[in-house]
Structure formats: structure tokens, C-alpha cells
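Here is the structure we will look at.
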Amino acid sequence: MKILTQKFNTKHNTAPFAQIKLEDYKTAFEENISKARAEVDAITNNPEAPTFQNTIEALDYSGESLDRVSSIFFNLNSAETSDEMQKIAQDVSPLLTAFSNDIALNEELFKRVKAVYEQKDKLNLNPEQATLLDKKFKSFSRNGALLSEDKKLRLREIDTELAKLKLTYSENVLAETHNYQLHITNPADLKGLPEGTIEAAASLAKSKNVEGWIFTLDYPSYIPFLTYADNRELRKEIAIAAGKKAFQNNEFDNQEITLKIAKLRFERANLLGYKTHSDFVLEERMAQTPEKVKSFLNDLLSKAKPAAEKEFAQLTTFAKELDGIDQLEKWDGAYYSEKLKQKLFDFDDEQLKPYFKLENVLNGAFTVAEKLFGITFKEVLDIEKYHEEVQTFEVVDFENKLVAIFYADFFPRKGKRNGAWMTSFKPQYIKDGVNERPHVSIVCNFTPPTESKPSLLTFNEVTTLFHEFGHALHGMLANTTYPSLSGTSVYWDFVELPSQVMENWCYEPEALALFAKHYETGDIIPQDFVNKIKQSASFLEGMATLRQVSFGLLDMAFHSNNPNEITDVKAFEKKAFKGTYLYPDVAENCMSVSFSHIFAGGYSSGYYSYKWAEVLDADAFAYFQEKGIFNKEVAAKFKENVLSKGGTELPMELYKRFRGQEPKPEALLKRAGLV
């Protein structure tokens, strides 16, 4: 079946999911790698003198069909995997690594790139072309082109091993997530849980042909249980189960893998002439050095810690008064925080959920995008999808021209990893005068509908949807010439700006009025609730900030030092967390072995970027608030200088063009209630 090796005969050239069989992938990868290799060989062996067009530009456009099949396969491996798929991933991953190494270590090709790079000042390039040239040159020099033959060989070995280890790490976390369930048969053990959560647990038990209720480690099941279940022992059981994923000395244990990944990354950085993996990574980030990142995190720590300790003392006193709890444990945090929030603000998430029906929230995000950026979303049923629950939309501008294809996949299921993310099945770029439009997807794990209720979101899920939708807008509104600079292909400490800034609209009465309507009565959310959402926005923010900073510091501990001395992952983690502890440590738990962001995803030495981008987003939204949250002029500047530009210029230059100045951290500290 040639379906994955030719141009797709589908509407808007969308992925032909319904026609793809698992057995098609391996052959498709092999054929597309051969095709891409031939394209690269043609560039390398071109008898003409190297120019920007015949070398740099040609390289960026090469491998298009390989990129397509890779994005389809690896996106589905995250959202819709199976044992067969994971086996294919393990088989094709070394082939892809070998191919990218063949390019990066191709001396003749590098000579051509270098020849163009050395005459860059005479070439009269525009900013995007200059960025592409710089990026292509660095992709060689930063990936081993200048190494001796024996070191190149070692680099290949490291890259192949890392690719396989990251896949296995991810598979182990997924397996451990699905291997646990809390089966309850006594109705008394459900005390405190919301009706919808109980109904979902009953429905899951029924689907597995057992009596009672089943709770899992999937977020829509796990989080409400930790937040509302009165039974402290059961909260403890499920919390420990979540914390010991891949830390059980069984076949899915990730301790050795975690250490191997850290050590191989360090060796790789050393081979390339960098002191540590963080030094290598941060050279291509806004932050630039490990010292600057640690200074940023420690500065935040110094501001958040006093607030966090005060909040923790308040929470401890409250739990003692309410239930005689002497020592707050990790499985008590969400439960007593929710109770304290109810007491202080006289409302809880359960009161809000009826106003946040998923369809309404999604339409609200669409309306906000329409008001800001002039685009509309039309659901279409004639685009193939990889699962029946996925929704598909055409995104058009005010002239009815296609802007993007948008996929939305909202509910947990077996074969889908936890969390929420945005990805793309096809990038935007301009070639031969045609502006190819992107195909963008968001994947989440929200509270599913039950027999009696539609999907009603918690407020946290509402902000998550807006966050991922912000990433999606960055992909959909892209307008660059080259695929490798398009959409979210930006520095990783800048990529969270569009996503995090969108969350701000969830707190604004003017925006909430568009979509926060009671699912039964249609009544708009009461102003009283809106006020309470705003008032409670910085509730326990010191503790939340401390938690994020601790994750950033753990990431840097692994990657900005020599990890060869580490023998015990858990002991090392405890040391890294030392200055950030509030709750007692849980001996059976270890975060590093399921910290997929940094060990399986792309956030190694980059976890700090969530807080870094918060400085940008608070400052950016302050500008919107100043001029009006739907101000067309500010929105146009944001679209033109941030969303459409991708990675074509340095992020700070783009930001200053939008804002007129560098970001000021005061906006973040003020919003978080830390000043």
C-alpha cells in the first residue's frame, strides 16, 4: 500500500488516517528515508557553486514526505498507541536517528553550508533568510560536523541509544499508568466525591464488567479523587500509586534509564565541546546559560518561598482545626486546599462546572480568536480522523480563505498518554508561490461525558484548553517561508508565551460572558462567581510557584552538572528538592522516573521556560488590559510580531516590536500576589 509514500488524495491534503494500516508504516519510513536521502545527495553533489537557494533553502524543503509520515506516526504513538505501534517505534527510531546523523555528519554537505555561511554578509539576505542560514550552520556545528571520525561514530551511537531510551521511558510510564486501578465496592468510601466523578467511576467499572467503582491514574479520575475523597487512607493509596510509577523495581522501572539518559546527554555535550548538556541546550534559548537559568529560578524561589511557607502554615492550621490532622501529607494537599478555598471564597469547582460545558468552552476559545484575530472555525465531517472522538475544523479568515485545519481530541482512553499537548500533522510554509497551510491538533485528557451529563470541565481544564489553543494559534496563524522556522519552531523559553497568554481571557468577565453558560438553563455565569474566580486566581500561588521552581531546579540538577557521580536517582532528587520541600518526603515515590517532560519530551534544561514565559505573558496581557482585552490594534501587533513570525527572528526582538519594550517581571509578581 503506497498511501504514505505519495501525495495524499484527500481534502486539503489531510492525513488519510482511515486508509493507513499499521503494517504500512515500516515500509513507508524506509521508502521516505531513501527519498529524502536522494534529495540531500542531490544538494551535496550539485556541481554548481553553493548558494543560499541551492543549498540552504533546498535543505529546508527536503524530506517533506518523511516529515509527514513521522508526524502522523509519532502523534498517533502518543494519542492512540498500541503494543504493535510501540514495537514499530522502537524499530524505526534508530533508522531516523541514523538518517539525521548522516546529514549532520556529512562533510561534503557541511562544506557547502559553510561556504554560504562565510559569505553571509555579502548575500543581502532578509531577516528570515539570515536566521535560516544561521540555524542550518549551527545544526551542523552543534551536531558533530567538526568532530574527528572516531568521535562522529560515538555521537551516532549515543544518539541511537538516546532515541530508544526515551521511547522506552515513555512506554514504561504509560504502562504503569494503566496498570493501576482503585476498585471500590463500599459506597461509604465515595463520601465527598462529586456526583459526576462517581458516575464516571461506575461507568468505567461497568465497562470492565465488575461491580462498584473504578478510579485510575488518568487525570480526570485521579485529580477529583485526591481533591474530594474524604477517605484519607484511599487518598494515600492512589497518591502513592501515582508517585511510584516506574519506581517499583519491576519490568517497567525507569531508574536505570533515567541515569543512562542523563549520562549520555552529558557525554554528548562533552563530545561537542560543551561543559554540560544545559550549556549545549541553552546556547539556543533566550536564557543562554545555566547560570542565568539558576539565577532566575533562585530569584523566584526567594520571592515565593516565604509566601509558600506562610500558605502551608495556614493550610496546616486549617486541617488541624477541621479534622485534627497533625502533619499534612502530599495526599492531603489538594483536599484541604479545596476545603480552604471553599471557606475563604465561599465557592468550589463543582459549582463552576455546570457553566463550563466542553462544547461551550471550545466555542468560547473560537470566539475569542475570532474577535482578536479575525478567524472563524467551521466543524467539518469530511476530513478523516484517527479516532471517532476527534473533531475536525476548517479555519478560515474574513475572506473565507483557508487558514488551517484544526483537530481536537479531548478525552482519556487506553493508548493515550496523560496530560495535554498541541502538535501538528503538517507545517505552514511558502514554496513555489503557494502558501501551504498547517494542520494543527490539540490533545487533552478532560472529564468525559457520562450517561446523564455532557462533559463539564473544571476551571483548571478550562485554562488548559485555552493554553493548548494558544499553542494551536501559534501554529495556525504561522506565515513564514521556511518550514523549519514556522509556527511553534521557536526558542523553547518563548514557545509558552502564546499558550500562557491565552489563559488570561478565562479570568475576564467580558470573555467569560461569551461561553460560561449553564448547560441546563443557559444562564450566563453569575458575576459573583466571576469575582470569586478572579479573587481566588492567586490562592496558594506561593506554593504553586515553589512547586514549579522545584521542577525547574530538578531539571537543572540533572543537566547542568556531571551526572556520572549519581548512583541513586531518589537520593539525588531529594537533594535537588532540598530547599523547596513543604510536605514530608514519601519514601516509595520518585518524580524523576516519570518526569516525561524532561526525559522523554523536549524540555531537558528547559522546564524553567514555563515560569520564564509567565513573565512575558503577564507583561503582554497587561498591555491588552491597558488598551482593552479585545483591542484590535494590540491583537494585530501580537499576531504580526509573535504568532505569525515563528522562529524567523530572535524572540526578544519580536517581543519588543509587539510591546515597545522588554518585559518587566513586576507584572508576574503582582498577578501572583507575591509583591
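Residue numbers run from 1 in the order of the sequence given. Side-chain atoms are counted along with the backbone in the values below, which use heavy atoms only and exclude waters and symmetry mates.
A heavy-atom distance below 4.5 Å is not found between the side chains of V501 and H467. Contact annotation: the side chain of L553 approaches that of N298 to within less than 4.5 Å [non-hydrogen atoms, C-beta and beyond]. Inter-residue side-chain proximity for D397 and F373 is flagged as unmet; no heavy-atom pair is nearer than 4.5 Å. Between P651 and V490, every side-chain heavy-atom pair lies at or beyond the 4.5 Å cut-off. Taking the side chain as every heavy atom from C-beta outward, L402 and V395 never approach each other to under 4.5 Å. Residues K166 and I261 meet the side-chain proximity criterion, which asks for heavy atoms closer than 4.5 Å. In this structure the side chain of T447 never reaches within 4.5 angstrom of the side chain of Y219, judged on heavy atoms.
The ring of Y507 has its center closer than 6.0 angstrom to the ring center of F459. Here Y583 and F312 bring their ring centres to under 6.0 angstrom of each other. Aromatic rings from F393 and Y407 are positioned such that their centres are separated by 6.0 Å or more. Residues Y603 and H597 place their aromatic rings such that the two centres sit under 6.0 Å apart. Aromatic rings of F599 and F558 (six-membered ring for Trp) have centroids within the 6.0 Å cut-off, being under it.
A donor-acceptor pair is defined here as one N or O able to donate and one able to accept, closer than 3.5 Å; such a pair exists between the side chain of T367 and the backbone of N363. Of the possible donor and acceptor atoms, one in the side chain of E128 sits under 3.5 Å from a partner among the backbone N and O of T481. Panel note: side chain S594, backbone V173; no donor-acceptor pair is recorded below 3.5 Å. In this structure a side-chain-to-backbone donor-acceptor pair under 3.5 Å is missing from S560 to A557. Between the R659 side chain and the D619 main chain, a donor and an acceptor come within less than 3.5 Å of each other. Of the possible polar contacts, one joining the H474 side chain to the G487 backbone as a donor-acceptor pair under 3.5 Å is found. Between the side chain of K135 and the main chain of G647, no donor-acceptor pair closer than 3.5 Å is present. When atom types are taken as modelled, the side chain of S455 and the backbone of P449 share no donor-acceptor pair closer than 3.5 angstrom. With hydrogens and angles ignored, the 3.5 Å screen pairs no side-chain donor or acceptor of N360 with any backbone N or O of F356. Looking at R437, its side chain does come within 3.5 Å of a backbone N or O of M476 through a donor-acceptor pair.
T648 OG1 to L654 CG: the interatomic distance, rounded to the nearest 0.5 Å, is 5.5 Å. Taken from OG in S644 to CG in L473, the straight-line distance is 12.5 Å, to the nearest 0.5 Å. Atom CD1 of I430 is separated from atom CD of E436 by 10.0 Å, given to the nearest 0.5 angstrom.
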D279 vs T276, side-chain hydrogen bond (donor to acceptor under 3.5 Å, both in side chains): CA-CA, chis, key distance, verdict = CA-CA 5 Å; D279 288 277; T276 67; 2.5 Å; yes
task = Any chance you could lay out the side-chain contact (heavy atoms from CB on, under 4.5 Å) test for Y491 and L650, step after step, and finish with the verdict?
result = CA-CA 8 Å; Y491 281 3; L650 287 172; 3.8 Å; yes
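Contacts of T197 classified as side-chain hydrogen bond (donor to acceptor under 3.5 Å, both in side chains), with partners at least two apart in sequence or in another chain: none.
In the model, T81 has a side-chain atom that pairs as donor or acceptor with a side-chain atom of N77 under 3.5 Å. Checked by atom type, the side-chain pair S499/E496 shows a donor-acceptor distance below 3.5 Å. With hydrogens and angles left out, the side-chain atoms of H277 and S604 include a donor and acceptor closer than 3.5 Å. Q428 and S486 share a donor-acceptor pair across their side chains, judged by distance under 3.5 Å alone. No donor-acceptor contact under 3.5 angstrom links the side chains of D218 and N445, judged on distance only. For the residue pair Y623/K637, the side-chain donor-acceptor check at 3.5 Å is satisfied. At a cut-off of 3.5 Å, with distance as the only test, a side-chain donor of N504 or R671 sits close to an acceptor on the other residue. At a cut-off of 3.5 Å, with distance as the only test, a side-chain donor of D409 or Y386 sits close to an acceptor on the other residue. Checking T227 against E338 by side-chain atom types alone, no donor-acceptor pair falls below 3.5 Å. Looking only at atom types and distance, the side chain of N531 has a donor-acceptor partner in the side chain of Q527 under 3.5 Å away. Inspection of the D60 and Y429 side chains reveals no N or O donor paired with an N or O acceptor under 3.5 Å. If you check the side chains of D493 and Y608, you find a donor sitting under 3.5 Å from an acceptor. In summary, the side chains of D134 and T131 do not present any donor paired with an acceptor at a separation below 3.5 Å, with no hydrogens or angles considered.
Taking the six-membered ring where the residue is Trp, Y607 and F595 present perpendicular rings, their angle passing 60° and hence far from 30°. Note: F406 and F469 have perpendicular aromatic rings, judged against thresholds of 30 and 60 degrees for the angle between ring planes. In this structure, F345 and F539 have perpendicular ring planes: the angle between them is above 60°, well past the 30° mark. Ring planes of F621 and W505: perpendicular class, angle over 60° (limits at 30 and 60°). Using bins of under 30°, 30° to 60° and over 60° for the plane-to-plane angle, the ring pair F658/F624 lands in the tilted bin.
Under 4.0 Å is where a charged nitrogen must lie from a carboxylate oxygen, and between K416 and E80 no such pair does. K341 has no carboxylate O lying under 4.0 Å from a charged side-chain N of D348, or vice versa, which leaves the two without a salt bridge. Salt-bridge formation is not detected for the pair K294/E291: no Lys NZ or Arg NE/NH1/NH2 atom is positioned less than 4.0 Å from an Asp or Glu carboxylate oxygen. Ion pair E283/K138 not flagged as a salt bridge, since none of the NZ, NE, NH1 or NH2 atoms sits closer than 4.0 Å to an Asp/Glu carboxylate oxygen.
Results of the side chain to side chain contact (heavy atoms under 4.5 Å, CB included) test with E503 over L465, T463, V462 single out T463 as the only residue that passes. The only option from Q288, H559, M556, K292 that meets the side chain to side chain contact (heavy atoms under 4.5 Å, CB included) definition with L282 turns out to be M556. Tested against R657 for a salt bridge (Lys or Arg N to Asp or Glu O under 4.0 Å), the candidates E649, E640, E662 yield a single pass: E649.
In this structure, K371 forms a cation-pi arrangement with F630, its terminal cationic atom sitting closer than 6.0 Å to the ring centre and no more than 45° off the ring axis. Because its NZ or CZ atom is both nearer than 6.0 Å to the ring centre of Y335 and within 45° of the ring axis, K339 counts as a cation-pi partner of that residue.
Residue-environment remark: CZ (R547) stays at or below the threshold of 12 foreign heavy atoms within 6.0 Å. Crowding of K627 atom NZ: a count of heavy atoms from other residues, nucleotides or ligands under 6.0 Å not exceeding 12. For CD of Q661, the number of neighbouring non-hydrogen atoms (other residues, nucleotides, ligands) closer than 6.0 Å is greater than 12.
Applying the salt bridge (charged side-chain N to carboxylate O under 4.0 Å, His left out) definition to pairs two or more places apart or across chains, none involves residues 460-486.
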